[in-house]
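Numbers here are sequence positions counted from 1.
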Amino acid sequence: MKQDGVSMDRHVKRKMGNAVKIGLLFTFAVAVAGIVYLYPSLTRWAQADRSVSLERLRIGEVTRGDLLRDVSVQGKIVASDHPTLVSPSHGVLSILIKAGDVVKKGDLLARIDSPELRNRLEQEQSIFNSIQSELERLKITGQQTELQNRQEIALLELKLKASEKALERARTLFDEGLGSSIDFEKAKDDLEIARLALSHAQEKIRLVRETTGFEVRTKELQVDRQRLVVEDVNRKVKELAVLSPVDGLVSRVDVKDKDTVQANQPLFSVVDLSRFEVQVLIPENYAGEIAMGTAAVILYEGKEYPGTVKSLSPEVEASQFKGTVVFGEGAPSGLKQNQRVDTRLLLDSRTNILKVPRGPFLESLGGRQVYVVEAGTASLRPISVGALSVTEVEVTSGLSAGEKIILSDMTRFESAGRILLRQ
């Protein structure tokens, strides 16, 4: 009996080819290399508490150099000279300019018609002329009195000489026995009378001269006083023509043409366009560090200009106090009143220190911690900071030159010890 074919078949194992073996070995090698390559990343991933995309972070490098400590404040351009012109007297105003006009120093802005002031000038001038005439008359009278007194003295001196000669003749006759003693004594009396008359006349003349000189000096003082009055009134009359005190721009007109104005009433405001300064608002916590003379840098149209703090207000309002910064040499042109500018006040300068760029990390981590970037992760590390500037921060401990840190706000990571930085 013949058996079927199934029971006669045998299973024969097929031998593995060399190509298959090589393929398997290559696959194994690639897997091992991948595991070795990815092991650090896998390790970092396993050790990290949080992860974040590197593109969303701002990274800064620790460097060594100089740091300029400053404070940034907002300021506005104001004119150094912006005088307000007032009316010198009561009168009717005639305006010759309008707001916005450019004027030069000495240009006529307005005229004031004041009949009262002009009439007063004429009255004071008349009084001056009258006093001046009295002074001249007093001088002439003094000269006449002086001439009469000199004539009187000359006459008395002549009488004195005549009395001396008469006495000499009486003595000679008396000695020779030709004259009486009565005549001799009379001659002696006449001589004494002549001497007394001359002495009294000289004293009288001295007193008259002093009196006349005193009256002349008194009248001269009256003349000088009245001259000052006339000059003052004349000055006020000249001021009826209102002139520009500076080269600048008429910024405001407070009256209308043909208005009747009173003395000291504001008329115009003129802004000096050649001299500007910056008015800044400074936080009160810098009050002890900023003083008059503090250096400043004014940023205008992308350029920096040196300046100096000119004055500081003693009053604090809304946690700020006002200061005035003046431009140094080379002030910019084209400045406009109330124009906003950024200003930096230079407080301190430090050399050869560790520093990092300033960023939100300073506020979010309180300046006591920072995330240091190394090998795809960021580790939280304690640090200490020193001086702060607008753009940089001094690092006193915790970091070394060349290290990189995260400058961004890290508040959302809740002080995680290690963060994975995804590419």
Side-chain angles (χ1 to χ4, degrees), residues 40-41 44 47-74 280 282-283 285-286 288-290 294-309 325 328 341-423:
S41 298
R44 289 195 299 270
Q47 294 177 347
D49 300 322
R50 307 286 290 273
S51 67
V52 65
S53 174
L54 189 60
E55 295 180 353
R56 299 174 58 185
L57 300 178
R58 179 184 166 207
I59 307 298
E61 184 177 355
V62 182
T63 59
R64 183 171 292 277
D66 300 337
L67 181 140
L68 190 63
R69 182 167 172 262
D70 54 10
V71 55
S72 180
V73 294
Q74 285 293 323
V280 296
I282 308 170
N285 54 310
Y286 290 99
E289 301 183 70
I290 299 175
T294 299
V297 175
I298 304 165
L299 181 63
Y300 177 73
E301 292 186 348
K303 295 183 179 180
E304 293 185 344
Y305 297 88
T308 306
V309 176
V325 177
V341 291
D342 292 326
T343 306
R344 291 189 297 121
L345 305 180
L346 310 182
L347 306 180
D348 188 15
S349 178
R350 305 193 180 190
T351 59
N352 194 28
I353 62 168
L354 288 177
K355 59 182 183 178
V356 294
R358 187 164 183 170
F361 78 95
L362 190 65
E363 289 75 21
S364 64
L365 298 176
R368 296 185 298 273
Q369 293 177 314
V370 71
Y371 281 97
V372 181
V373 177
E374 47 187 357
T377 62
S379 302
L380 190 63
R381 183 188 301 179
I383 65 167
S384 298
V385 298
L388 307 178
S389 75
V390 175
T391 57
E392 295 177 317
V393 180
E394 178 189 10
V395 179
T396 57
S397 65
L399 295 174
S400 302
E403 290 186 309
K404 295 182 178 181
I405 66 171
I406 297 177
L407 304 178
S408 305
D409 184 0
M410 304 298 287
T411 306
R412 64 183 183 277
F413 294 101
E414 299 176 350
S415 299
R418 186 181 294 270
I419 299 174
L420 177 66
L421 302 180
R422 302 193 307 271
Q423 296 292 335

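Within the 4.5 Å cutoff, no side-chain heavy atoms of Val395 are placed close to those of Val370.
Here the closest heavy-atom approach between residue Ala296 and residue Thr343 is recorded as CB-CG2, 4.4 Å. Heavy-atom minimum distance, Gln369 versus Leu380: NE2-CD2, 3.6 Å. The shortest non-hydrogen separation linking Asp66 to Lys355 is O-NZ, 2.6 Å. Minimum interatomic distance between Ser408 and Pro360 (heavy atoms only, all atoms of both residues): C-CB, 4.1 Å. Taking every heavy atom of both residues into account, Leu407 and Pro357 meet most closely at CD2-O, 3.5 Å. Considering every non-hydrogen atom in both Glu61 and Gly402, the closest pair reads OE2-CA, 3.6 Å.
To the nearest 0.5 Å, atoms OG (Ser397) and CG (Leu354) are separated by 10.0 Å. Residue Ile406 holds its CD1 atom at 12.5 Å from CZ of Arg58, rounded to the nearest 0.5 Å. In this structure, Leu57 CG and Asp409 CG are separated by 10.5 Å, a value rounded to the nearest 0.5 Å. Atom-to-atom distance recorded for Glu403:CD and Thr63:OG1 is 12.5 Å, nearest 0.5 angstrom. Going from atom CG of Leu346 over to atom OG1 of Thr308 covers 9.5 Å, rounded to the nearest 0.5 Å. In this structure, CD1 on Ile59 lies 8.5 Å from CD1 on Ile405, to the nearest 0.5 angstrom.
Remark: the backbone N or O of Tyr286 is not paired with any side-chain donor or acceptor of Glu289 at under 3.5 angstrom. Put simply, the side chain of Asp342 never gets that close to the backbone of Val73: no donor and acceptor are under 3.5 Å apart. Listed for the Thr396 side chain is a donor-acceptor partner under 3.5 Å among the backbone atoms of Ser384.
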Could you go through Asp70 and Leu345, starting from their C-alpha distance and side-chain angles, then the distance that decides it, and tell me whether this counts as side chain to side chain contact (heavy atoms under 4.5 Å, CB included)? CA-CA 5 Å; Asp70 54 10; Leu345 305 180; 5.9 Å; no
So Val71 and Ile290, side chain to side chain contact (heavy atoms under 4.5 Å, CB included) or not? Walk me through it. CA-CA 10 Å; Val71 55; Ile290 299 175; 4.2 Å; yes
Side chain to side chain contact (heavy atoms under 4.5 Å, CB included) between Arg381 and Leu399, worked out: CA-CA 9 Å; Arg381 183 188 301 179; Leu399 295 174; 3.8 Å; yes
Side chain to side chain contact (heavy atoms under 4.5 Å, CB included), that's the test. Do Glu374 and Ser379 meet it? Break it down for me. CA-CA 8 Å; Glu374 47 187 357; Ser379 302; 3.7 Å; yes
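Atom CZ of Arg64 has more than 12 neighbouring heavy atoms from other residues, nucleotides or ligands inside a 6.0 Å radius.
Side-chain N/O atoms of Thr391 and Arg358 include no donor and acceptor closer than 3.5 Å.
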